[in-house]
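Step one of this worksheet: look at the structure below.
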Amino acid sequence: MPQSVEVSNVRPITGDRLVLQGVAQRSLQNGWRFDGVLVGCPLGARADFIVIRDAAGQLQMHLTNLGQSLVSYSVGQDSVSKAILMSDILLGKAGAACETGLERPLDSRVTQKSNDLGPETYGVRYKGGWTEIWTLRRCNREIEVEMMFSGDGDGGAYINVSEAGSRLK
């Protein structure tokens with residue numbers, strides 16, 4: 001367990017689909033994302049967090065993932081089921097299928113960025129692509145799932161999961 005979190009790179013994510021919808025529906029006031037270093041954890045472990053201010057003005061903080069990811073909050077939510085499905089395929093092929101859900105949060109790392117990758121603007125990327133490896137823990141196994149993202153020009157992303165780039169550890 002971390003002793004504290006060192007916060008850096010706080011930025012608004014008002015352009016994220018889920019935050020924008022909440023603001024439009026008046027159930028949220030705003031949202032922010034920040035990078036955190038988990039103090040007291042091995043090797044200065046890092047994580048991504050979001051903070052949401054609800055309609056009543058209360059702040060809610062959520063750990064979105066351990067490691068580093070470039071996906072927006074809503075694209076990350078859309079991607080989890082695809083990563084779980086690939087882990088089911090790999091576990092099934094290894095004869096290790098089970099009925100458990102995720103045993104721990106996703107751990108992620110960025111492995112590739114395209115030359116035309118655009119900046120994050122209010123929590124989303126409009127152009128370019130990148131690849132991440134998401135590590136899931138399921139059925140007492142670690143599974144690395146290769147996730148490829150490409151900005152769709154509208155704040156979302158096309159999501160492709162690579163079986164060839166994924167593996168059981």
Side-chain angles (χ1 to χ4, degrees), residues 1-2 5 9 11 13 15-22 31-38 41-52 60-114 116-118 120 123-169:
M1 292 298 294
V5 176
N9 196 21
R11 59 224 185 254
I13 58 170
D16 184 274
R17 182 185 79 241
L18 295 173
V19 176
L20 187 58
Q21 286 173 350
W32 300 268
R33 182 174 180 165
F34 68 87
D35 303 329
V37 174
L38 306 177
C41 292
L43 304 172
R46 54 173 321 287
D48 294 323
F49 296 85
I50 64 163
V51 176
I52 300 295
Q60 303 167 18
M61 184 174 72
H62 304 277
L63 169 69
T64 57
N65 63 281
L66 298 172
Q68 181 185 26
S69 176
L70 298 179
V71 298
S72 67
Y73 178 61
S74 58
V75 170
Q77 295 297 305
D78 295 343
S79 303
V80 170
S81 61
K82 295 175 186 327
I84 291 171
L85 180 59
M86 180 55 67
S87 71
D88 285 343
I89 290 168
L90 295 175
L91 287 166
K93 286 185 175 186
C98 66
E99 297 297 319
T100 66
L102 285 175
E103 296 171 12
R104 68 175 173 135
L106 297 175
D107 190 49
S108 58
R109 67 183 186 278
V110 178
T111 59
Q112 184 178 357
K113 297 178 189 176
S114 68
D116 66 340
L117 181 63
E120 181 180 297
V124 297
R125 294 179 188 279
Y126 291 96
K127 67 176 195 162
W130 68 97
T131 301
E132 299 183 6
I133 299 292
W134 289 12
T135 304
L136 289 72
R137 176 110 180 126
R138 300 190 62 222
C139 305
N140 296 316
R141 301 282 302 264
E142 283 194 4
I143 304 108
E144 289 186 340
V145 178
E146 185 177 59
M147 308 287 291
M148 296 169 287
F149 302 94
S150 179
D152 67 2
D154 197 30
Y158 300 108
I159 307 161
N160 291 300
V161 183
S162 168
E163 184 174 353
S166 302
R167 68 182 181 103
L168 288 175
K169 290 176 81 176

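None of the values given here were measured: they were computed from a predicted structure.
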[atom1]-[atom2] distance between [X] and [Y], expressed to the nearest 0.5 angstrom:
{"X": "Q112", "Y": "T131", "atom1": "CD", "atom2": "OG1", "value": "4.5 Å"}
{"X": "S108", "Y": "D48", "atom1": "OG", "atom2": "CG", "value": "6.5 Å"}
{"X": "W130", "Y": "L70", "atom1": "CH2", "atom2": "CG", "value": "6.0 Å"}
{"X": "K169", "Y": "L90", "atom1": "NZ", "atom2": "CG", "value": "13.5 Å"}
{"X": "E144", "Y": "M86", "atom1": "CD", "atom2": "CE", "value": "13.5 Å"}
{"X": "R141", "Y": "L136", "atom1": "CZ", "atom2": "CG", "value": "13.5 Å"}

Margin query: Walk me through whether D88 and R138 qualify under side-chain contact (heavy atoms from CB on, under 4.5 Å).
Written below: CA-CA 9 Å; D88 285 343; R138 300 190 62 222; 2.5 Å; yes

Next item on the list: Take I143 and T135 through the test side-chain contact (heavy atoms from CB on, under 4.5 Å) and record every step on the way to the result.
Entry: CA-CA 6 Å; I143 304 108; T135 304; over 6 Å; no

Tell me the closest heavy-atom pair linking [X] and [Y], and the distance in Å.
{"X": "W134", "Y": "S79", "value": "CH2-CB, 3.4 Å"}
{"X": "V161", "Y": "M147", "value": "CG2-SD, 3.7 Å"}
{"X": "S72", "Y": "V124", "value": "CB-CG1, 4.1 Å"}
{"X": "I52", "Y": "H62", "value": "CG1-CD2, 4.4 Å"}
{"X": "D116", "Y": "G129", "value": "OD1-N, 4.1 Å"}
{"X": "A94", "Y": "L168", "value": "CB-CD1, 3.3 Å"}

With a 3.5 Å cut-off and sequence neighbours excluded, list the donor-acceptor pairs that the side chains of residues 152-159 form with protein atoms.
unit_1, atom_1, unit_2, atom_2, d
D152, OD1, D154, N, 2.8
D152, OD1, G155, N, 3.3
D152, OD1, G156, N, 2.9

So do [Y] and [X] actually touch side chain to side chain, heavy atoms under 4.5 Å?
{"X": "R137", "Y": "D107", "value": "no"}
{"X": "S69", "Y": "T64", "value": "no"}
{"X": "E120", "Y": "R125", "value": "yes"}
{"X": "V71", "Y": "Q77", "value": "no"}
{"X": "E132", "Y": "F149", "value": "yes"}

Notebook entry, point to check: Can you check salt bridge (Lys or Arg N to Asp or Glu O under 4.0 Å) on R17 and D78, steps first, answer last?
Noted result: CA-CA 11 Å; R17 182 185 79 241; D78 295 343; 3.0 Å; yes

Checklist line | Flag, side chain of R46 to backbone of G36, donor-acceptor distance under 3.5 Å | finding: no

Margin query: Check the orientation of F34 and F49. Use parallel for under 30°, tilted for 30 to 60°, and perpendicular for over 60°.
Written below: parallel

Checklist line | Pairing residues for Q21 by the side-chain hydrogen bond (donor to acceptor under 3.5 Å, both in side chains) criterion, not counting sequence neighbours | finding: none

